[in-house]
Engineer: 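Pasting a structure here, questions to come.
Predicted model only: the values in this text are computed from it and were never measured.
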Amino acid sequence: MARITFIQPDGTENAVEAEPGMTVMEAAVKNSVRGIAAECGGACACATCHVYVEEEWREATGQPEQMEEDMLDFAFDIRPSSRLSCQIKVTEALDGLKVRIPEKQF
């Protein structure tokens with residue numbers, strides 16, 4: 001299991017347990033994390049699971065592929081740390097991952 005902490009825009013934190021193989025978005029939806037709508041269900045066809053990956057976790061979560069980058073163009077307030085949580089696969093190496101939820105999603 002990997003512990004993932006979702007940080008809301010107001011600073012409140014919600015730590016959840018995620019099984020390896022699932023995505024960060026699936027962990028958020030399973031645990032009713034506020035701010036992760038996941039309207040496309042993880043098909044990388046929207047930007048409603050947009051998160052900011054904390055600096056110390058950016059290398060571990062990898063770089064977005066072209067399809068993800070194209071979808072991020074539809075998200076609000078894109079930053080270098082922006083990722084779609086549906087595209088981040090949970091592994092044991094992500095135990096302790098922290099992501100921030102943007103102020104606004106679609």
Side-chain angles (χ1 to χ4, degrees):
M1 295 293 260
R3 180 178 282 287
I4 301 170
T5 302
F6 295 88
I7 305 168
Q8 295 293 329
D10 68 3
T12 58
E13 297 184 4
N14 185 9
V16 304
E17 296 289 328
E19 294 179 32
M22 66 189 326
T23 66
V24 172
M25 179 274 299
E26 289 170 329
V29 170
K30 180 180 178 184
N31 290 281
S32 303
V33 173
R34 191 171 32 95
I36 303 291
E39 291 177 358
C40 75
C44 197
C46 72
T48 60
C49 68
H50 176 214
V51 295
Y52 304 120
V53 176
E54 293 287 274
E55 183 65 37
E56 64 270 19
W57 289 99
R58 288 179 59 195
E59 186 175 326
T61 57
Q63 296 296 315
E65 293 187 13
Q66 187 62 49
M67 189 166 129
E68 180 180 355
E69 286 183 4
D70 291 345
M71 278 296 110
L72 280 168
D73 288 341
F74 295 101
F76 290 100
D77 194 18
I78 298 302
R79 301 175 186 175
S81 62
S82 289
R83 290 294 308 272
L84 296 181
S85 59
C86 69
Q87 299 302 299
I88 304 172
K89 285 280 190 198
V90 174
T91 65
E92 296 284 340
L94 293 185
D95 185 34
L97 174 66
K98 290 188 176 191
V99 298
R100 293 186 177 273
I101 298 175
E103 187 83 40
K104 182 177 179 181
Q105 298 273 30
F106 275 99

Engineer: Quick one: does E68's side chain have a donor or acceptor within less than 3.5 Å of a partner on L84's backbone?
Structural biologist: yes

Engineer: Looking at E65, I'd like to know if its CD atom is crowded, meaning that more than 12 non-hydrogen atoms belonging to other residues, nucleotides or ligands lie closer than 6.0 Å.
Structural biologist: no

Engineer: If we only count heavy atoms from C-beta on, is the Q87 to C44 side-chain gap below 4.5 Å?
Structural biologist: yes

Engineer: List for me each residue that meets side-chain contact (heavy atoms from CB on, under 4.5 Å) alongside S82, sequence neighbours excluded, and say none if there are none.
Structural biologist: H50, Y52, L72, I78, R79

Engineer: Mind running side chain to side chain contact (heavy atoms under 4.5 Å, CB included) on E103 and D77 for me, showing each step along the way?
Structural biologist: CA-CA 9 Å; E103 187 83 40; D77 194 18; over 6 Å; no

Engineer: For the side chain of S85 and the backbone of V24, is there at least one donor-acceptor N/O pair under 3.5 Å apart?
Structural biologist: no

Engineer: Just by modelled atom types, is the V99 backbone N or O under 3.5 Å from a matching donor or acceptor in the R83 side chain?
Structural biologist: no

Engineer: Tell me the closest heavy-atom pair linking V33 and Q8, and the distance in Å.
Structural biologist: CG1-NE2, 4.0 Å

Engineer: Starting at OG1 of T91, measure out to CE of M22 and round the result to the nearest 0.5 Å.
Structural biologist: 13.0 Å

Engineer: Report the distance from atom CD of E39 to atom SG of C86, rounding to the nearest 0.5 Å.
Structural biologist: 12.0 Å

Engineer: Answer with yes or no whether the hydrophobic clustering places I101 together with V29; edges join I, L, V, M, F, W, Y residues whose side-chain heavy atoms lie under 4.5 Å apart.
Structural biologist: yes

Engineer: Does Q63 CD have over 12 foreign heavy atoms under 6.0 Å away?
Structural biologist: no

Engineer: Between V51 and M25, does a side chain to side chain contact (heavy atoms under 4.5 Å, CB included) hold up when you go through it step by step?
Structural biologist: CA-CA 9 Å; V51 295; M25 179 274 299; over 6 Å; no

Engineer: Is a donor on one side and an acceptor on the other found under 3.5 Å between the side chain of E13 and the backbone of F6?
Structural biologist: no

Engineer: Using modelled atom types only, decide if a donor and an acceptor are shared between the side chain of D10 and the backbone of T12 within a distance under 3.5 Å.
Structural biologist: yes

Engineer: Which heavy atom of P80 sits nearest a heavy atom of R58, and at what distance?
Structural biologist: O-NH2, 3.1 Å

Engineer: Return all side-chain donor-acceptor pairs below 3.5 angstrom for residues 14-21, not counting sequence neighbours, or 'none' if the list is empty.
Structural biologist:
from, atom 1, to, atom 2, distance (Å)
E17, OE2, R3, NH2, 3.3

Engineer: I88 vs V53, test: side chain to side chain contact (heavy atoms under 4.5 Å, CB included). Steps then yes/no.
Structural biologist: CA-CA 10 Å; I88 304 172; V53 176; 4.0 Å; yes

Engineer: When rounded to the nearest 0.5 angstrom, what is the spacing between CD1 in I7 and CZ in R100?
Structural biologist: 4.0 Å

Engineer: Considering residues at least two apart in sequence or located in another chain, which fulfil the side-chain contact (heavy atoms from CB on, under 4.5 Å) criterion with Q66?
Structural biologist: E69, D70

